[in-house]
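Worksheet for the structure shown next.
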2 protein chains.
Amino acid sequence: MTGQVRTVDGRVAGRRGQATRQKLLDCLSEMLSSSPYRDVKVIDVARRAGTSPATFYQYFPDVEGAVLEIADQMAAESAGLTELLEGRSWTGKAGWQTAQELVDGFMEFWRKNDAILRVVDLGAAEGDKRFNKIRLKILNSVTSSLTEAISGLQAKGRIDKDVNPAAIAGALVVMLTAVASHQKGFSTWGVKQAELKPNLALLVHLGVTGKKPTK
Amino acid sequence: MTGQVRTVDGRVAGRRGQATRQKLLDCLSEMLSSSPYRDVKVIDVARRAGTSPATFYQYFPDVEGAVLEIADQMAAESAGLTELLEGRSWTGKAGWQTAQELVDGFMEFWRKNDAILRVVDLGAAEGDKRFNKIRLKILNSVTSSLTEAISGLQAKGRIDKDVNPAAIAGALVVMLTAVASHQKGFSTWGVKQAELKPNLALLVHLGVTGKKPTK
DNA sequence: TCGGTAAGCTGACGGCATGACAGGACAAGT
DNA sequence: ACTTGTCCTGTCATGCCGTCAGCTTACCGA
């Protein structure tokens, strides 16, 4: 599937090498959580991992390269997000629950990986195709399901035909990501975490079905 | 009002100094549009402005400091966004038009300032209070109006009481910002710019009024 | 016209991060 | 013990960072 792990100069990495490599990735992750992306330096990551900058450069071309690696691992885990929507109903009380669980699960994922996701978002916004690809991979796991759900309802005539399912689905998902990234803003608006979720679920439900949920 | 413009070492900046300062800011803006934030170096900005790094450090403590300055200028301009909502109606056809114009105006602003807004978003997400303050200043110009509109409808009993107007308003505004930042993603989902806007307007209308618009 | 003063700019410098290389340390098999 | 291939690091040239002293320029009052 994915070829063997290799160093920058082409050697295959053995057991010890992979451990070092992973340690560097872990330390980089921690640093991203604690300091601004712009200030994360190779030398700091190496120091924290108890090794030297030269070692870092054996496994990654630069900080960005290592970040892409972390993001890739996370994107793989994001496949689990599809469970939030697979086989769910959007009608009646079940619909309200689906919306709630989607909001819950998605925001949980985003919060758990917030540091790396910030960087992925930035890279994607700056037009970097590699970051964009990863971001879409993560979002697609939810967006495509959501798009199908909307299309389904549309086919049954429950939603106007001039609605674009992909646009609505994408906008809703992107909304969730942005809210998760900027929860601090909401608290200064006087909105508490606990209040936020049901309101987001309401918006999601409205967007998908066009109607208020029956609770 | 705002004290005189000063250099880092406390001198007041004269006409020439202010021109240089502004030129550095302009060049920094350009650089932010063309290269990743992480790679923007003082020396590059200075070179582009036809001056030396030392001059840059006379006016700004570092790149971040200069970015905050640009962001402040932009936040001042964002006051114009209030016009998009002042005295608008959310009922009937007028409501649909209000939603459309809000989406249009807001996304236009975001696209015009996308480079600097990316950085502000990142800074805010990383927990930097200064960036968060600027971001909220920009968003508040729209969010507070939107919150009032929702509260008003709620007072008339047209919206459920358990809806939190600030949460809904914030989520909708944040959605617009995120969509504007990641339009590229939508095009790979097969959603064109022209299709996107009415669907966003629909979501905004649904969120504010709880009902589908009458077009 | 002529200093005097403050603003404005830059060359130069120590310090640190970067990225490349060669060579030493280490584990595993013979 | 010896060989082999993996793994790590000391070292070095390069380039950016951030600061300072000192030079040039503009303004102003006498």
Side-chain angles (χ1 to χ4, degrees), chain A residues 2-32 34-70 119 123, chain B residues 2-28 30-32 34-69 119 123 128 130:
Chain A
T2 81
Q4 289 168 303
V5 179
R6 285 183 179 276
T7 57
V8 168
D9 56 338
R11 281 194 310 243
V12 293
R15 207 178 318 142
R16 191 155 65 111
Q18 292 199 23
T20 305
R21 198 184 124 101
Q22 190 58 49
K23 180 153 200 181
L24 285 167
L25 289 178
D26 293 343
C27 291
L28 174 54
S29 266
E30 291 170 28
M31 299 227 56
L32 287 175
S34 60
S35 48
Y37 179 47
R38 200 168 195 284
D39 298 340
V40 172
K41 307 289 181 194
V42 169
I43 198 169
D44 298 321
V45 178
R47 261 202 286 263
R48 182 183 276 244
T51 179
S52 74
T55 300
F56 182 97
Y57 287 108
Q58 266 207 335
Y59 295 105
F60 311 104
D62 48 25
V63 172
E64 201 185 66
V67 166
L68 278 167
E69 196 72 20
I70 298 174
V119 180
Chain B
T2 82
Q4 291 168 301
V5 178
R6 285 182 179 276
T7 58
V8 169
D9 56 337
R11 284 192 304 231
V12 292
R15 208 179 319 142
R16 191 155 67 112
Q18 292 198 26
T20 304
R21 198 182 124 100
Q22 190 58 49
K23 179 154 200 180
L24 284 167
L25 288 178
D26 292 344
C27 291
L28 174 54
E30 291 169 28
M31 298 226 56
L32 287 175
S34 61
S35 48
Y37 179 47
R38 198 167 198 283
D39 298 340
V40 172
K41 307 290 180 192
V42 169
I43 197 170
D44 298 321
V45 177
R47 262 203 283 263
R48 182 184 276 244
T51 178
S52 75
T55 300
F56 182 96
Y57 287 107
Q58 271 212 328
Y59 295 104
F60 311 104
D62 48 26
V63 171
E64 199 184 68
V67 166
L68 278 167
E69 197 73 21
V119 180
D128 188 304
R130 299 164 301 169

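Because only heavy atoms are used, hydrogens play no part in the values below, and waters and symmetry mates are left out as well, while side chains stay in. Each chain gets a letter, A, B and so on, in the order the sequences are listed, and its residues count up from 1.
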5′-ward residue of the pair B/Asp62/B/Gln58 relative to DNA chain D: B/Asp62
message: Tell me which pairs pass salt bridge (charged side-chain N to carboxylate O under 4.0 Å, His left out) where either residue lies in residues 45-55 of chain A, with sequence neighbours left out.
response: A/Glu30-A/Arg48, A/Asp44-A/Arg47
task: Quickly work out the B/Gln18 CD to D/dC27 C1' distance and round it to whole Å.
output: 16 Å
message: Nearest 0.5 Å, please: how far is OG1 in A/Thr20 from CG in A/Leu25?
response: 11.0 Å
- request: Please state how far atom NZ in A/Lys41 lies from atom P in D/dC16, giving the value in whole angstrom units.
  value: 13 Å
message: Quick check for you: to the nearest 0.5 Å, what is the distance between B/Thr55 atom OG1 and B/Lys23 atom NZ?
response: 12.0 Å
task: Please state how far atom CZ in A/Phe60 lies from atom P in C/dT18, giving the value in whole angstrom units.
output: 15 Å
- prompt: OP1 or OP2 of D/dT9 less than 4.0 angstrom from a side-chain nitrogen or oxygen of A/Thr55, does that happen here?
  reply: yes
query: Taking only side-chain nitrogens and oxygens of A/Tyr57, does any of them come within less than 4.0 Å of OP1 or OP2 of D/dT9?
result: no
- line: Among the nucleotides D/dC20, C/dG8, C/dA17, whichever has the atom closest to the side chain of B/Ala54 is D/dC20
message: Using OP1 and OP2 only, check whether a side-chain N or O of B/Thr7 sits under 4.0 Å from C/dA7.
response: no
message: Show, in sequence, the C-alpha distance, side-chain angles and deciding distance for B/Glu69 and B/Leu28, and conclude whether the side-chain contact (heavy atoms from CB on, under 4.5 Å) test is met.
response: CA-CA 11 Å; B/Glu69 197 73 21; B/Leu28 174 54; over 6 Å; no
- request: For D/dC27, take OP1 and OP2 only and decide whether either is under 4.0 Å from a side-chain N or O of B/Arg16.
  value: no
- prompt: Nearest-Å distance, CD (B/Gln22) to P (C/dG8)?
  reply: 14 Å
task: Flag the pair A/Tyr59 / A/Gln22 as yes when at least one side-chain heavy-atom distance between them is below 4.5 Å, and no otherwise.
output: no
task: Let me know the distance between CD1 of A/Ile43 and P of D/dT9, rounded to the nearest Å.
output: 13 Å
- request: Assign A/Thr51 to base, sugar-phosphate, or nothing according to its heavy-atom contacts below 4.0 angstrom with the strands shown.
  value: sugar-phosphate
Nearest-nucleotide comparison on DNA chain D, the residue closer to the 5′ end among A/Ser52 and B/Asp44: A/Ser52
field: Nearest-Å distance for atom pair CG/C1', residues B/Asp39 and C/dA17
entry: 14 Å
statement: Whole-Å distance, A/Arg21 CZ to D/dT6 P, equals 16 Å
message: Rounding to an integer number of Å, can you tell me how far B/Arg47 CZ sits from C/dT10 P?
response: 14 Å
